[in-house]
A.B. asks: 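Below is the structure I would like to discuss, written out as structure tokens.
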Amino acid sequence: MPLTEFELISRYFTRPSRRTDVVRGVGDDCAIVRVPAGMELAVTIDTLISGVHFPPETDPYAIGWKVLAVSLSDLAAMGADPAWATLALTLPEVNEDWLRAFSQGLFDLANQYNLTLIGGDTTRGPLAITLQAHGFVPLGQALERSGAQAEDLIYVTGTLGDATIGLELSQGRWSNPIIAADTAYLSSRLDYPQPRVVAGRALRGIASAAIDLSDGLVADLGHILSASAVGAVVYLECLPLSPALKKLTVPWEKIVGGGDDYELCFTLPPERQEELERISATVGCNFTLIGTIRKSLGISWLDAGNQVVNINTIGFRHF
């Protein structure tokens, strides 16, 4: 017989918590948790839908990993430490092999950040997954989008554009030669994003504004600029590319317009640059300077000769 809803939850999503701030987790109508003194609660929620956010044939372990990773990336952009999550899972059927792999991917990433799943819901329908994540940030220290000022420096973590090509590979839309190792790397960047939680925490009190790159640099940097009422100059040749991507001929529009990088983009007052250099070796990823904030609105994209390049993309949008 297929599992009942409560058997499904008990078997695949009930794990003991190592956190002392979880009073009651999975198993009641509500979870009960404590917010430590001197902390503010950061809350984010994301939905992943089959055929929109991941191909239907994606490994369920990767889906479990990614549904948490995208929310952890949001927490990282605010400088928050992950604490808890709730999960709403809509399934077309009870497939125990799928559930086993999905839950393992979810919990393998959760364990890296001492995050506890404290509740949620399951229902029947087309495959869709909604996860809400909660984290702590010291009072008044959350990173926001609205703090960028003229003359601030613009940085990104990691490398850009890998997931965009990984998606094209998974959909059979990449036709140029590419070696198997690079295919595997680019695909892993799509399926297993690495949330920059440590970097986000380290940027508290240093960065003036921050955002995670889920919809592409052109769109997400644009959100910082809009919230801060400033503009930017970005040097395309400074954008950090992985060795795999450097071997390929990829238009700038794809690199700055594609989503799913889940890196951080942040602005930094010039006088904080030495502090950033001191922490750069401790955060597990590179910080790359890609441009500057200016007073005049809009983004100017410049090539190696400081000539303006027209970027004809607005980034990913659902509507």
Side-chain angles (χ1 to χ4, degrees), residues 18-19 42 44 46 61-62 64-83 85 105-116 131 133-138 141-143 153-166 181-182 184-214 216-217 220-221 238-246 255 259-268 272-290:
R18 295 175 293 177
R19 300 188 63 94
T44 183
D46 284 285
Y61 181 96
W65 176 287
K66 190 168 185 175
V67 72
L68 178 56
V70 299
S71 289
L72 290 179
S73 185
D74 284 334
L75 293 179
M78 302 292 289
D81 289 301
L106 174 72
F107 284 113
D108 279 354
L109 182 58
N111 290 340
Q112 290 186 27
Y113 295 99
N114 192 27
L115 179 141
T116 294
L131 186 138
H134 314 77
F136 302 141
V137 62
Q141 293 189 32
L143 301 174
L153 307 174
I154 305 170
Y155 282 84
V156 293
T157 62
T159 58
L160 306 182
D162 295 325
T164 295
I165 305 306
D182 290 343
Y185 172 80
L186 296 170
S187 298
S188 72
R189 289 278 284 151
L190 172 68
D191 291 337
Y192 299 99
Q194 300 295 324
R196 302 304 188 184
V197 172
V198 176
R201 181 190 304 127
L203 291 172
R204 293 193 305 232
I206 298 177
S208 53
I211 193 170
D212 83 315
L213 297 176
S214 56
L217 179 65
D220 292 319
L221 174 58
C238 293
L239 299 183
L241 306 181
S242 67
L245 204 64
K246 287 180 179 178
I255 293 171
D260 278 346
D261 284 322
Y262 295 105
E263 298 292 348
L264 299 182
C265 175
F266 62 95
T267 59
L268 186 84
R272 298 282 195 175
Q273 210 167 3
E274 288 188 10
E275 291 177 72
L276 187 72
E277 291 172 0
R278 284 198 295 270
I279 67 170
S280 62
T282 68
V283 299
C285 62
N286 294 327
F287 295 137
T288 302
L289 175 61
I290 65 167

A.B. asks: Looking at side-chain heavy atoms only, is the closest gap between Y185 and P243 below 4.5 Å?
C.D. replies: no
A.B. asks: Y192 and Y262: side-chain contact (heavy atoms from CB on, under 4.5 Å), yes or no, with the steps?
C.D. replies: CA-CA 10 Å; Y192 299 99; Y262 295 105; over 6 Å; no
A.B. asks: Work out which heavy atom in C265 is nearest to a heavy atom in L217; give both atom names and the distance.
C.D. replies: SG-CD1, 4.1 Å
A.B. asks: For D260, enumerate each residue passing the salt bridge (charged side-chain N to carboxylate O under 4.0 Å, His left out) test, keeping only those at least two apart in sequence or located in another chain.
C.D. replies: K66
A.B. asks: Counting N and O atoms only, with roles assigned by atom type, does the side chain of S242 sit under 3.5 Å from a partner on the main chain of T159, one being a donor and the other an acceptor?
C.D. replies: no
A.B. asks: Can you tell me how far apart CZ (F287) and CD (Q273) are? Round to the nearest 0.5 Å.
C.D. replies: 12.5 Å
A.B. asks: Over 60° means perpendicular and under 30° means parallel, so classify the ring planes of F266 and Y155, tilted if in between.
C.D. replies: parallel
A.B. asks: If I take atom CG from residue L153 and atom OG1 from residue T267, how far apart are they, to the nearest 0.5 angstrom?
C.D. replies: 9.0 Å
A.B. asks: Rounded to the nearest 0.5 Å, what separates atom CG in D220 from atom CD1 in I211?
C.D. replies: 4.5 Å
A.B. asks: Tell me every residue that passes salt bridge (charged side-chain N to carboxylate O under 4.0 Å, His left out) with R19, counting only those two or more places apart in sequence or in another chain.
C.D. replies: D21
A.B. asks: Where do V283 and S280 come nearest, in terms of heavy atoms and distance?
C.D. replies: CG2-O, 3.6 Å
A.B. asks: Which distance, rounded to the nearest 0.5 Å, do you find between the CD1 of I206 and the CD1 of I279?
C.D. replies: 4.0 Å
A.B. asks: I need the minimum non-hydrogen distance between I165 and L186, along with the two atoms involved.
C.D. replies: CG2-CD1, 3.9 Å
A.B. asks: Under 4.5 Å between any side-chain heavy atoms of P82 and V197, yes or no?
C.D. replies: yes
A.B. asks: With rounding to the nearest 0.5 angstrom, report the OG1 to CD1 distance, T288 to I154.
C.D. replies: 13.0 Å
A.B. asks: Could you tell me which non-hydrogen atom of A163 sits nearest to which non-hydrogen atom of G259, and how far apart they are?
C.D. replies: CB-O, 4.0 Å
A.B. asks: Under the rule for salt bridge (charged side-chain N to carboxylate O under 4.0 Å, His left out), what residues qualify as partners of D81, not counting sequence neighbours?
C.D. replies: R201, R204
A.B. asks: Under 3.5 Å, sequence neighbours excluded: what are the donor-acceptor pairs made by side chains of residues 71-79?
C.D. replies:
{"residue": "S71", "atom": "OG", "partner": "D46", "partner atom": "OD2", "Å": "3.3"}
{"residue": "S73", "atom": "OG", "partner": "D212", "partner atom": "OD2", "Å": "2.8"}
{"residue": "D74", "atom": "OD2", "partner": "T44", "partner atom": "OG1", "Å": "2.8"}

A.B. asks: Looking at D261 and G161, would you say the former's side chain and the latter's main chain have a donor-acceptor pair under 3.5 Å?
C.D. replies: yes
A.B. asks: Working to the nearest 0.5 angstrom, can you tell me the gap between W65 CH2 and D108 CG?
C.D. replies: 7.0 Å
A.B. asks: Show the nearest heavy-atom pair for residues C285 and T157, with the distance to one decimal.
C.D. replies: SG-CB, 3.8 Å
A.B. asks: Sequence neighbours left out, what passes side chain to side chain contact (heavy atoms under 4.5 Å, CB included) with L143? Give chain and number order.
C.D. replies: L203, A207, A210
A.B. asks: What are the two closest non-hydrogen atoms of C238 and I290, and how far apart are they?
C.D. replies: O-CG2, 3.9 Å
A.B. asks: Can you list everything that forms a salt bridge (charged side-chain N to carboxylate O under 4.0 Å, His left out) with R189? Sequence neighbours excluded, please.
C.D. replies: D162, E263
